[in-house]
Amino acid sequence: MAVKVVRRCELTLWEKLYVPLILGGLKITSAHFFRNLFLHSAHRLGLLKHLRASVTFQYPEESRPLAARFRSRHRLTVREDGTPRCVGCMLCETVCPAKCITIVAGEHPDPNVEKYPVRFDIDLGVCVYCGYCVEVCPEDAIRMDTGILDVSAYSRDEMKLDIHELMNPALRKPVGDCSLTFPHQCRLADGQMKGGW
Amino acid sequence: MIDLAIKLVLAVFVFFGVLNLAALHTWLERKQSAVIQDRIGANRASILGWRLMGLFHPLADSIKMFMKEDVVPAGVDRTLHLLAPFFSVFFALVGFAAIPFGDRFVIGDRVIDLQVAKIDVGLLYIFAMLSLGVYGVILAGFASRNNYALLGGLRATAQMISYEIALGIAIVGVVMIYGTMDLEELVRAQGKTLGGWIPLWGIVVQPVAFVVFLTAALAETKRVPFDLPEGESEIIGYFVEYSGMKFGMFFLADFLETIMVACLATTLFLGGWQVPYLMPDGFHFPWGATVPLAQWTYVLLGVASFSIKVVVFCWLFMQVRWTLPRFRYDQLMRLGWLGLFPISVVNVLVTASVLAFFGD
Ligand code: SF4
Ligand code: SF4
């Protein structure tokens, strides 16, 4: 059986004196202190902004840089004429492990395009952000690159996104105005959304 | 009558100055630790959208402290439990009366000492008050009817008494050299220069005493690395059973003692309100140049110099606090009795022999 000799670290006399090591420690903290103090002051004057004085991100005002492959809130991509790319093939709805996508397809007026989504809902309260829907889509019609992370709501119903929000990431609930240029069935009456979206 | 009014103004000035500095300490503590650790620190408290780098946090803190429920556990000794925090703050505050924060100011034939109370044995008085401060701590531990609090109080007492000895002996050297216990005289004596170039400050003539004093003073104020009495993160301190502003007062007393010690270190070792080469009538540089100054500029420069030195010491204590880990209790006692105590005694002996053989 091999014997492992554990060598205890004995302090040298220099270390036992303690004072030099304290000074060493003070040197480290002071170096950080003065460097950061200088940078903070410079930032106040609008200088040296590229050097960070602290590792803190002041969250609501300043968000962390996201990785390129980061999966954030979904969006539906659009064609050049502003209509959704989605052809209503139901692949994403089928593959979704959380079963949180609801698509109702309708006949597209253009005979070259088979169908279009009359209704496209994602329940973010259920979604697990796996990204399968993005992987599976044959039309590159759904992506998760909006960079929106702060999805929050006061009720489960408000966690559901409809096609308006999906096509227009800047749009947050409640949807007051339907700006889609497609022949869709969104009806506005007295400023209220009616109908089946 | 006018004398009384002047003393009152001075007392109010010192009182508010010190209390504000203590409140600023909470800000300093947060911000300095943050800057050292590459963070930003508390900066969210705002008034009308103004944040001023978190300067409103001390305000928010005190409001919180006052609004909190004051819980007094069942079965405590109510009188002592109530008295303990007041003891702590009181003894921490009264010491400041003897600190001279500026040179004397002459208007007509009236001489105003920038010092609340001119006590001949000011040094002894301050040390007495510092020692009495331990009563607040031990009473808090004793009156809480909590074994952990009592143990915390005992730790604090043992530590403060041990380090007070080193602290006192370290100062004997300074007192011997300048030959006075009157703090103002002591500061005035430090105005001399060595060969015209080096100011004869305490730190120059008693460097060993300075180091011992700083270490013992840190222990005396119960700050990290000597914060065994509180040990906020793991061992329970003497003020577990305190809440609301009573707890806040212990906190305040801690900061006050830190400032007190900073003032003492400034007065004893950094020449108090002395500015190098500044005489009452202006600057006399060793290379012969002179800059004449009016009396009020001279006095103001002195006060500014004193304040800056105190703030620098506060900064240094804070820097030490965020650099070093806490001692173990036996290490603490060993450092006090086998380290600082003999060193300070030897320092006194050496100083005494040097004075006896080469002194005037
Ligand atoms: S990310 Fe995953 S869970 Fe969410 S909608 Fe897409 S497939 Fe469904
Ligand atoms: S997989 Fe793509 S094209 Fe098919 S329904 Fe989903 S989003 Fe539309």
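Values in this document were obtained by computation on a predicted structure and should not be read as measured data. Order of the sequence lines sets the chain letters (A, B, ...), proteins ahead of strands, with each chain counted from 1.
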Within 6.0 angstrom of A/Phe38 CZ, more than 12 heavy atoms from elsewhere: no
Do the side chains of B/Asp254 and B/Lys222 get close enough for a salt bridge, i.e. N-O under 4.0 angstrom? yes
Is it the case that more than 12 heavy atoms not belonging to A/Lys27 sit under 6.0 Å from its NZ atom? no
Counting a contact as any heavy-atom pair under 4.5 Å apart, which residues of residues 29-52 of chain B contact chain A? B/Gln32, B/Val35, B/Ile36, B/Asp38, B/Arg39, B/Ile40, B/Asn43, B/Arg44, B/Arg51
Per-residue contacts, residues 159-171 of chain B versus chain A, heavy atoms under 4.5 Å: none
Give me the one residue out of B/Val312, B/Ile203, B/Val204, B/Val310 that meets side-chain contact (heavy atoms from CB on, under 4.5 Å) with B/Leu270. B/Ile203
Go through the steps to decide whether A/Arg52 and A/Phe57 satisfy the test side chain to side chain contact (heavy atoms under 4.5 Å, CB included), and finish with yes or no. CA-CA 10 Å; A/Arg52 289 195 71 93; A/Phe57 290 93; 3.8 Å; yes
For the OH atom on A/Tyr132, are there more than 12 heavy atoms of other groups (residues, nucleotides or ligands in this structure) within a distance under 6.0 Å? no
Choice from A/Ala53, A/Ser30, A/Gly25 maximising heavy atom contacts with chain B below 4.5 Å: A/Ser30
Using side-chain hydrogen bond (donor to acceptor under 3.5 Å, both in side chains), reason through B/Ser305 and B/Gln274 one step at a time and then give a plain yes or no. CA-CA 7 Å; B/Ser305 138; B/Gln274 301 279 5; over 6 Å; no
May I ask you to say whether A/Lys160 pairs ionically with A/Asp162, meaning some side-chain N is under 4.0 Å from a carboxylate O? no
Side chain to side chain contact (heavy atoms under 4.5 Å, CB included) between B/Ile259 and B/Phe313, worked out: CA-CA 8 Å; B/Ile259 299 171; B/Phe313 267 115; over 6 Å; no
Under 6.0 Å between ring centres: does that hold for B/Phe251 and B/Phe255? yes
Are the side chain of B/His25 and the backbone N or O of B/Leu21 linked by a donor-acceptor pair below 3.5 Å? yes
Contacts of A/Arg143 that satisfy salt bridge (Lys or Arg N to Asp or Glu O under 4.0 Å) - sequence neighbours left out: A/Asp140, A/Asp145
Is it the case that over 12 heavy atoms from other parts of the model lie below 6.0 angstrom from the CZ atom of A/Arg156? no
At under 4.5 Å between heavy atoms, what parts of residues 315-333 of chain B are in contact with chain A? List them by residue number. B/Trp315, B/Gln319, B/Val320, B/Trp322, B/Thr323, B/Leu324, B/Phe327
